[in-house]
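Structure first, then comments.
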Amino acid sequence: MAFGKGCHLHLIDGSAYIFRAYHALPPLTRKSDGLPVGAVAGFCNMLWSELQKDHGADGPTHIAVIFDKGSHTFRNDLYDLYKANRDEMPEDLRPQMPLTREATLAFNIACKELEGYEADDIIATLARQAREAGGRVTIISSDKDLMQLVGGGVEMFDAMKNRRIGPEEVEEKFGVRPERVIDVQALAGDSVDNIPGAPGIGVKTAALLINEFGDLDTLLARAEEIKQPKRRQTLIEKADQIRLSKRLVTLDQDTPLDFTLDDLELRDPEPEVLMDFLNQMEFRALTRRVADHFGAAPPPAPEIAPVSERAPEDAPAPEQAAFTPGDYVTIRDADTLERWLDQARARGWLAVDTETTSLDEMQADLVGVSLCIEPGQAGYLPLGHTAGGDDLFGGSAPQPGQMPMAQALALLKPVLEDPAILKIGQNMKYDFKIFARHGIRVAPIDDTMLLSYAMHAGLHGHGMDALSDRHLNHQPIPIKELIGSGKAQITFDKVEIDKATAYAAEDADVTLRLWQAFKPQLHRLRATTIYETEERPLVPVLADMEMAGVRVDTSVLARMSNAFAQKMAGLEDEIQQVAGQPFNVASPKQLGEILFETMGAEGGKKGKTGAWGTGADVLEDIAASENEQAARLAGLVLDWRQIAKLKSTYTDALQTHVNPETGRVHTSYSIAGANTGRLASTDPNLQNIPVRSDEGRRIREAFVAGPGMRLVSLDYSQIELRILAHVANLPEMKQAFKDGIDIHAMTAAEMFGVPVEGMDPAIRRQAKAINFGVIYGISGFGLARNLRIPRAEAQGFIDRYFERFPGIRRYMDETVNFAKEHGYVETIFGRRIHTPEINAKGPGAGFAKRAAINAPIQGAAADIIRRAMVRMPDAIADLPARMLLQVHDELIFEVEEGAEEALIGAARAVMEGAAEPAVKLSLPLVVDGGVGHSWAEAH
DNA sequence: AACTTCACG
DNA sequence: GACGTACGTGAAGTTC
């Protein structure tokens with residue numbers, strides 16, 4: 001078919017994709033000979049899913065993958081420093097480049113490159129030709145250098161983010177229409193490609209100038225009219241450099257191609273050729289998928305040496321059988337269930353999953369259990385399915401063909417508690433709690449979510465759907481298909497058993513397959529220790545804490561809510577009066593308009609959505625400003641906001657979270673939520689109960705001990721700074737911690753040469769801000785904003801700090817370099833946190849850098865408290881006490897009156913010694929404690 | 001569902 | 001030498 005109107009050309013930016021795949025994926029080698037093939041694997045997976053994608057009527061009629069060729073292009077002739085600061089290609093990526101060409105051809109897709117031109121130029125030329133022929137173009141890439149091509153039937157698609165990039169998205173990024181993108185790039189330059197641009201001018205300023213003057217030529221011609229003297233001078237003096245930059249960023253739409261659009265027509269792959277190539281690469285899962293697709297038998301796998309002769313890195317990927325929902329069975333009687341359980345006994349493992357009526361494990365009723373022992377062989381045991389229609393009494397009849405719950409649980413119990421049978425689940429804490437409420441303590445367990453977290457924290461989420469899609473290339477039935485969503489959502493017990501079987505059995509099947517894929521990878525990614533000491537054993541510990549819950553006195557909360565409501569009403573009246581009009585005080589949009597437009601407050605800034613920012617820091621500035629009316633309004637709104645927050649998020653909401661059966665609040669901790677190893681608390685979040693303000697702190701008075709009990713709070717003192725002193729080897733700081741000296745005062749003394757005794761509190765406060773700033777990957781800007789001092793002064797503090805504590809600099813540099821080289825950072829306990837954005841260009845790199853600096857410190861603190869929590873139940877087993885809550889560096893216990901000191905002694909010992917024996921810290925960990933009837937007293 | 005704001009360590 | 005800037009979370013309310 002000749003390319004013309006109605007045709008749709010897909011152009012894949014091959015080189016860019018390979019780099020991203022290389023950095024995003026863990027290193028993978030071919031089993032038989034160790035050839036690095038990770039980027040090739042990512043590339044093939046991408047091509048295959050691209051070809052499988054259902055575009056409807058909008059699919060490609062023509063397709064090509066475009067590569068860079070050689071490193072010398074016409075741009076180097078224009079400017080010899082072009083891309084001069086590019087790093088060498090990584091050692092293990094180099095041999096993969098030719099393989100990706102081979103891969104493209106194996107998929108029967110045109111593969112094009114041209115000496116002396118970049119892939120971008122070829123793409124530009126083809127896009128122009130296609131456009132002129134009346135066709136449409138999708139460029140599969142997220143490279144901003146290609147954005148100049150967007151428009152007139154050409155758009156881009158970011159395959160990683162699954163996001164289409166049209167003229168609006170381009171304008172969002174560059175601030176100008178696609179036609180003017182090159183003008184902005186010419187001015188802003190590009191540090192990654194080493195394009196000089198105009199010094200001191202970034203994208204924002206460039207867009208401003210271009211929008212004002214129309215285009216670059218006009219701007220340069222009329223540069224004298226620019227008001228800002230510095231900018232004007234730059235544009236006049238650097239005009240040549242800017243023109244050169246424009247030539248460098250402008251893509252060549254007339255590259256001499258030795259082929260035409262017609263040659264790029266979409267063709268089906270030749271099954272044998274493709275499978276042969278994939279098989280040679282030893283991509284077994286993908287080979288199998290492709291074979292399934294063509295209904296062909298996969299070629300025999302190449303010979304692989306037996307396990308004993310292989311290096312541990314070369315563990316084989318598990319054999320991947322197709323998903324066959326038809327094979328799932330519904331378990332309706334005791335004999336069938338027994339046969340499944342016998343299989344589990346024979347195997348020594350069993351994947352389990354529970355289906356219930358709610359996401360809240362404390363309220364959920366068990367509806368069914370799914371089991372899986374072999375990939376593809378899964379069963380569903382329905383126990384609590386009811387017929388759709390409710391009867392007069394609100395109950396409903398059970399659906400037929402279900403075993404009695406008690407009988408089924410009696411059969412399951414010995415297997416679920418059998419120490420010789422491993423129970424495998426995804427997010428097992430959930431199922432553990434469901435079974436625990438039926439008198440079954442599931443053990444031992446393995447958890448695919450936690451396996452993924454231990455190996456791949458920072459790379460992606462660890463929910464089952466994401467893992468299945470990533471590792472099995474399989475999309476499980478969405479729960480919404482069964483229970484709907486929104487108001488019409490039904491509970492799982494109302495789902496028809498046949499449908500429930502297809503869904504639930506699949507979940508167990510997916511879990512088992514994930515487990516088989518993950519388990520052998522665990523040790524080669526050096527994640528076994530973390531998984532075995534900090535993730536797996538934490539499941540029952542957290543489950544018990546969550547089930548214990550914490551007593552909350554709702555009458556205290558209700559009183560506070562009432563008082564807050566009155567105060568808010570009064571403030572609202574006053575606010576409307578000052579504003580001179582009624583408006584919604586809770587609307588930042590309306591408030592911003594009144595403050596900055598009606599009242600003319602100064603110093604307002606609009607966010608990316610065009611709304612005025614009205615955060616607390618902005619309002620505080622206005623409240624202290626000369627504009628009396630605005631100052632008064634801002635002050636009132638600050639007061640109102642504080643109370644509104646306390647009321648809606650805490651005093652109101654907490655009351656609704658009290659469980660009617662237990663009279664207590666049961667939070668849920670996510671173990672794999674935070675990348676650094678921290679826990680997160682949800683429904684409700686009990687890790688952000690107010691404490692910093694006096695008014696807020698009173699909410700903690702509502703968290704109380706049961707009758708005859710006390711609350712005990714134990715928290716690590718300055719744990720992150722201690723870890724920093726240890727890992728960055730800061731002798732002065734270590735000594736101060738050993739001597740028990742006030743660390744912030746010591747810092748101030750070191751930096752400003754004043755004695756610790758009689759320290760000015762203001763100076764100490766500044767030193768404290770710097771100490772915290774360091775942990776966050778300090779910057780002059782950030783510190784200046786935090787302390788509200790000029791930026792130069794803040795930078796001076798930082799310079800002096802680095803001078804006094806040279807280990808800090810070293811730590812920061814080494815950590816960032818490590819992240820760049822490996823794609824992850826590590827805590828002293830071996831927890832790996834991936835930093836996929838660390839080598840990205842643009843502002844993301846700054847974020848990634850600071851995150852990389854912070855992660856080993858925050859992560860090590862998280863490791864330490866996890867280790868303490870895992871040991872705690874045994875350490876306090878003989879005491880009438882239990883652990884209730886964790887707040888990052890604090891543990892809260894409930895203990896019988898009289899046993900407080902015994903508990904504090906035992907728990908403190910566990911916490912202070914939690915790093916050992918894995919790590920011997922070069923300074924002590926110190927734990928402070930408190931006791932009281934309420935959390936307010938204990939803290 | 002995205003954005004803004006604000007509570008915690 | 002310029003980018004844009006403190007790290008990690010979850011929840012509530014408004015707006016689209």
Side-chain angles (χ1 to χ4, degrees), chain A residues 85 188-192 194 196-206 458 584-592 607-619 637-638 641-642 644-650 652-654 657 667-670 673-693 696-697 699-700 715-716 718-720 769-770 772-787 791 794 798 833 841-859 861-862 865 886-890 939:
Chain A
N85 54 5
D190 185 344
S191 58
V192 178
N194 211 28
I201 291 184
V203 170
K204 284 270 157 65
T205 314
N584 183 352
V585 185
S587 163
K589 185 167 175 272
Q590 294 174 31
L591 175 66
K608 55 183 163 188
T609 54
W612 295 100
T614 67
D617 49 342
V618 177
L619 295 188
V637 172
L638 279 169
R641 282 216 184 138
Q642 201 206 346
K645 178 78 174 182
L646 295 177
K647 182 171 187 292
S648 69
T649 310
Y650 300 104
D652 286 353
L654 275 174
H657 280 287
T667 185
S668 179
Y669 289 101
S670 56
N675 288 334
T676 52
R678 274 193 178 181
L679 300 178
S681 159
T682 63
D683 308 301
N685 182 355
L686 295 186
Q687 290 181 323
N688 72 346
I689 302 301
V691 70
R692 292 177 189 168
S693 75
R697 193 160 47 235
I699 290 171
R700 295 186 175 217
D715 69 290
Y716 284 106
Q718 304 291 358
I719 189 167
E720 293 195 351
I770 300 174
F772 279 111
V774 166
I775 294 171
Y776 299 150
I778 199 159
S779 74
F781 183 94
L783 184 64
R785 202 172 62 170
N786 188 287
L787 285 176
R791 189 169 160 178
I798 294 171
I833 297 126
K841 29 187 177 178
F847 283 111
K849 244 186 186 173
R850 293 190 296 274
I853 289 166
N854 174 259
I857 300 169
Q858 189 182 114
I865 199 163
Q886 188 252 41
V887 192
H888 309 309
D889 64 357
E890 175 186 14
H939 185 77

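By convention in this document, chain letters (A, B, ...) are assigned in the order of the sequence lines, proteins followed by strands, and residues within each chain are numbered from 1.
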Heavy atoms under 4.0 Å, any strand shown: does [X] hit a base, just sugar-phosphate, or nothing?
X: G846(A); value: nothing
X: A644(A); value: nothing
X: I689(A); value: sugar-phosphate
X: R641(A); value: sugar-phosphate
X: I778(A); value: base
X: A769(A); value: base
X: R697(A); value: nothing
X: G696(A); value: nothing
X: N786(A); value: base
X: V203(A); value: nothing
X: G780(A); value: nothing
X: F772(A); value: nothing

What is the distance from [atom1] of [X] to [atom2] of [N], rounded to the nearest Å?
X: Q886(A); N: dG10(C); atom1: CD; atom2: C1'; answer: 15 Å
X: L783(A); N: dC7(C); atom1: CG; atom2: P; answer: 13 Å
X: E720(A); N: dA6(C); atom1: CD; atom2: P; answer: 18 Å
X: H888(A); N: dG8(C); atom1: NE2; atom2: C1'; answer: 8 Å
X: Q687(A); N: dT9(C); atom1: CD; atom2: P; answer: 12 Å
X: K849(A); N: dA6(C); atom1: NZ; atom2: P; answer: 16 Å
X: Y669(A); N: dG8(C); atom1: OH; atom2: P; answer: 21 Å
X: D715(A); N: dC8(B); atom1: CG; atom2: P; answer: 15 Å

- Earlier contact from the 5' end, DNA chain C, for G782(A) and L679(A): G782(A)
- For G202(A) and for V774(A), find the nucleotide of DNA chain C with the closest heavy atom, then tell me which residue's nucleotide is more 5'. G202(A)
How long is the span from the [atom1] atom in [X] to the [atom2] atom in [Y], to the nearest 0.5 Å?
X: L619(A); Y: L638(A); atom1: CG; atom2: CG; result: 4.5 Å
X: S668(A); Y: D683(A); atom1: OG; atom2: CG; result: 7.0 Å
X: E890(A); Y: I865(A); atom1: CD; atom2: CD1; result: 8.5 Å
X: L654(A); Y: I689(A); atom1: CG; atom2: CD1; result: 5.0 Å
X: N685(A); Y: Y669(A); atom1: CG; atom2: OH; result: 9.0 Å
X: I770(A); Y: L787(A); atom1: CD1; atom2: CG; result: 7.0 Å

- Item | Close side-chain approach of R641(A) and T614(A), heavy atoms under 4.5 Å | yes
Kindly give the heavy-atom pair with the smallest separation between [X] and [Y], and that separation in Å.
X: A862(A); Y: T676(A); result: CB-O, 4.3 Å
X: A794(A); Y: G780(A); result: CB-O, 3.5 Å
X: I775(A); Y: E720(A); result: CG2-OE1, 3.4 Å
X: N675(A); Y: I833(A); result: O-CG1, 3.3 Å
X: A769(A); Y: N786(A); result: CB-OD1, 4.1 Å
X: L679(A); Y: H888(A); result: O-CE1, 3.6 Å

- Item | Closest nucleotide among dC8(B), dG4(C), dC6(B) to the R791(A) side chain | dG4(C)
- Between dC7(C), dT9(C), dT5(B), which nucleotide has the shortest distance from any of its atoms to the side chain of A674(A)? dT9(C)
- Message: With a 4.0 Å limit, can you tell me whether R785(A) has a side-chain N or O closer than that to the phosphate oxygens OP1/OP2 of dA6(C)?
- Response: yes
- Message: Given the structure, check if the side chain of R850(A) and the base of dG8(C) hold any donor-acceptor pair shorter than 3.5 Å.
- Response: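 Not at all, since no donor on one side and acceptor on the other fall under 3.5 Å apart.
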In whole Å, measure the gap between the [atom1] atoms of [N] and [M] for me.
N: dC3(B); M: dT5(C); atom1: P; result: 15 Å
N: dG4(C); M: dC6(B); atom1: C1'; result: 23 Å
N: dA7(B); M: dC3(C); atom1: C1'; result: 31 Å

- Task: Say whether, by atom type as modelled, one donor and one acceptor occur between the side chain of Y776(A) and the main chain of G782(A) under 3.5 angstrom.
- Result: no
- Applying the Watson-Crick and G-U criteria (both distances under 3.5 angstrom) with [ ] for crossing and | for other-strand pairs, one obtains for DNA chain C ......|||||||||.
- Report, as a single string ordered 5' to 3', how protein heavy atoms within less than 4.0 Å touch nucleotides 11-16 of chain C: B base, S sugar-phosphate only, - not at all. BSSSSS
Which pairs, protein N/O on one side and nucleotides 1-3 of chain B N/O on the other, fall under 3.5 Å?
none

